[in-house]
There are 2 protein chains.
Amino acid sequence: MQIEQSSGVEGEDLVDTLVQTAFAVMAVLTRIAAGHDVSLTQLRVFGILRDRRLRMAELAEFLGLDRSTMTGLVDRAERRGLLERGRNADDGRAVDVYMTPAGSALAVKVDAEVRRALNPLTGRLDATQRRTLAPLLGGMLDQPND
Amino acid sequence: MQIEQSSGVEGEDLVDTLVQTAFAVMAVLTRIAAGHDVSLTQLRVFGILRDRRLRMAELAEFLGLDRSTMTGLVDRAERRGLLERGRNADDGRAVDVYMTPAGSALAVKVDAEVRRALNPLTGRLDATQRRTLAPLLGGMLDQPND
DNA sequence: TATTGTTATACTCTATAACTATA
DNA sequence: TATAGTTATAGAGTATAACAATA
């Protein structure tokens with residue numbers, strides 16, 4: 001399996017390559033996120049809340065994290081003015097979370113940087129290869145994993 | 001970019017798909033690692049030390065982490081009998097790290113689990129697609145990123 | 001009674017700065 | 001003087017258990 005981003009990719013199988021690709025992509029994301037003093041998890045939060053307003057519990061569900069973990073995560077982002085909490089109209093127990101304009105602006109900037117960073121990676125493929133790769137990866141993701 | 005593992009992959013571009021794939025793969029790795037009470041970083045250490053004995057500084061370099069971070073990382077793994085420290089023959093300042101038999105055994109077990117978990121993912125592709133995908137991803141990884 | 005979110009607590013990962021032992 | 005590793009410290013991410021407020 002080789003859980004590292006070593007470069008030599010020749011005879012290994014698809015799983016090896018998948019794992020190496022995943023680590024390479026995560027390294028890029030982590031580096032860009034760190035450049036804006038946000039964590040990978042916060043990046044995911046921004047992606048999820050881009051066009052949604054969710055309750056804490058729903059956000060936790062999306063992220064696969066415990067509800068108690070969300071408190072600190074949202075606390076820190078709120079303290080920096082990137083997220084905000086608000087009341088939920090339907091349920092007095094629930095707390096909604098949503099992006100602030102500053103948070104959205106940061107998300108857009110990070111998105112652009114990620115594209116700029118990853119494009120040279122995907123750019124090593126020619127147009128035909130790119131058109132081939134996307135649906136192949138997409139096909140793998142189509143169904144949720146066990 | 002959509003930094004989340006939502007399922008709908010239709011019109012997005014290759015970068016989106018790549019990021020989603022990376023998150024999906026990392027989720028699998030994290031879950032399996034957690035099942036054995038090891039972190040993703042420790043999994044990477046096992047991958048790197050599989051067939052090598054490295055100095056602390058070299059291991060840090062491979063992982064892209066600070067040397068001070070390695071101390072705790074190796075401490076915890078050593079305390080659990082998965083790694084060991086030893087003297088370096090050439091340099092009295094250096095400390096070598098290497099897998100114990102127990103560590104290697106765990107690495108083999110985790111490796112098998114990862115393959116079992118990821119194969120259904122790759123298994124959704126037919127043989128031709130699999131033969132196409134591997135070299136495409138490999139081509140992207142061939143050169144180190146900026 | 002059950003659910004939502006928070007708090008208290010504990011552990012891991014991570015970095016920076018200061019220290020020691022060796023080169 | 002420079003390098004290797006560790007320690008001290010601080011902050012983020014994560015989970016479990018206990019709790020208050022609401023349903």
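As the structure is a computational prediction, the values presented were derived from the model and not from experiment. Each chain gets a letter, A, B and so on, in the order its sequence line appears, and its residues count up from 1.
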- Query: Nearest of C:dC13, C:dT4, C:dT6 to any side-chain atom of B:Leu73?
  - Reply: C:dC13
- Note on the structure: When the rotation axes relating C1' atoms of four end pairs to the next four are compared across the helix from C:dT1-D:dA23 to C:dA23-D:dT1, five pairs an end, they differ to 10° by 10°
- Query: B:Arg79 has an atom CZ; how far is it from atom P of D:dT6, in whole Å?
  - Reply: 13 Å
- Between atom CG in A:Leu65 and atom P in D:dT16, what is the gap in whole Å? 11 Å
- Look at the side-chain N and O atoms of B:Thr69 and state whether any lies under 4.0 Å from the OP1 or OP2 oxygen of C:dT14. no
- Query: Side-chain donor or acceptor of A:Arg67 under 3.5 Å from a matching atom on the base of C:dT4?
  - Reply: no
- Can you find a donor-acceptor pair, distance only, under 3.5 Å between A:Ser68 side chain and D:dT16 base? yes
- Query: Taking only N and O in the side chain of A:Ser39, is any of them less than 4.0 Å away from OP1 or OP2 of D:dG13?
  - Reply: yes
- note: A:Asp66, atom CG; D:dT16, atom C1'; distance rounded to Å ~ 8 Å
- Message: So for B:Arg76 and C:dT12, does any side-chain atom that can act as donor or acceptor lie under 3.5 Å from a complementary atom in the base?
- Response: no
- Query: Of A:Leu43, A:Val25, A:Leu40, which meets side chain to side chain contact (heavy atoms under 4.5 Å, CB included) against A:Thr30?
  - Reply: A:Leu40
- Note on the structure: DNA chain D nearest-nucleotide lookup for B:Glu58 and A:Asp90: closer to the 5′ end is B:Glu58
- Is the side chain of A:Glu78 donor-acceptor paired with the backbone N or O of A:Arg85 at a distance under 3.5 Å, no angle test? yes
